[in-house]
Amino acid sequence: MDGDEDTTVDVGADGPATDDDGLPQDTATDQSGADDLDQRLSGALERIGHVTRTMLSRQAYAEGVSALQLQLLLRLGSVAAGPRVSDLALELDVSQATVSDAMSTLRRKGLVAKEQDPGDRRNSVFSLTPEGDLLRTRLARWDRPLADKLVALSDADKGEVLRVVLGLVAGLQTDGVINVARTCMTCRFFDDTSHPDGPEPYRCNLLEVAFADTQLRVDCQEHQAPLTA
Ligand code: SF4
């Protein structure tokens, strides 16, 4: 910065409204007395959520599908067995009728195929057609702007953020705010008690492998919900 540059700013006669720490008030907080840091953190996560929704919608629009259709195509490409409408509705937190409508549109476009569920003849399962799989590959890059930013973080920082965010997701699932989370922290095979202070504090009891924060799974194909008593 130029040493002669005038950095003073006219803040008006009364000056800006400030918080107890002397910094300007943050509109992410409601000044109600609730924990200020919690509110700003929640506000920051909401910003990230807004950004990801916007990126997802833009990519979907560019490819001629809706945001929900994009999510369904990605979902169909990530699961081994063809999911049912009820499974997809639960995972995406929308009604079965909404999923059915979106699936009908995707089938009309030749992107999705519908078959009888081999395990239950009363139900249907869905899978991607070759055209749907090609589109899914292109749509999977919807998060590129955010991924480009994450590259600059260290693995240690990324692992810590992953652990904290997945911990929040697990807590929200426990409270019933979200329906489905196939993360390590919501899995019956997850053990965080064996070596809590070591570099690999977790253990997957399914595959008997120790692992670190950076390896936590967000959507594991082998995930199983804890057994209920
Ligand atoms: S099965 Fe998957 S989700 Fe469960 S603990 Fe192992 S890696 Fe994590």
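All residue numbers refer to positions in the sequence shown, counting from 1. Just so you know, ligand 1 is whichever comes first in the structure, and atom 1 is the first atom listed for that ligand.
- The nearest N, O or S atom of C184 is closer to atom 8 (Fe) of ligand 1 than 2.8 Å.
- Proximity to R217 (heavy-atom distance under 4.0 Å) selects the following atoms of ligand 1: 7 (S).
- Ranking the protein heavy atoms by distance from atom 3 (S) of ligand 1 puts C220 CB, 3.4 Å first.
- Rounding to the nearest 0.5 angstrom, the gap separating the CG atom in L72 from the CE atom in M103 is 4.5 Å.
- The 12-atom threshold is not exceeded at CZ of R58, counting heavy atoms of other residues, nucleotides or ligands nearer than 6.0 Å.
- With hydrogens left out, the protein atom closest to atom 6 (Fe) of ligand 1 is C204 SG, 2.4 Å, a heavy atom.
- Salt-bridge formation is not detected for the pair D117/R121: no Lys NZ or Arg NE/NH1/NH2 atom is positioned less than 4.0 Å from an Asp or Glu carboxylate oxygen.
- Taking 2.8 Å as the threshold, C187 does not count as a candidate ligand of atom 6 (Fe) of ligand 1, since none of its N, O or S atoms lies below it.
- Under the 3.5 Å distance criterion, with hydrogens and angles disregarded, a donor-acceptor pair is assigned to the side chains of D191 and S194.
- Under a cut-off of 6.0 angstrom, the local environment of CZ in R203 is crowded, with over 12 non-hydrogen atoms contributed by other residues, nucleotides or ligands.
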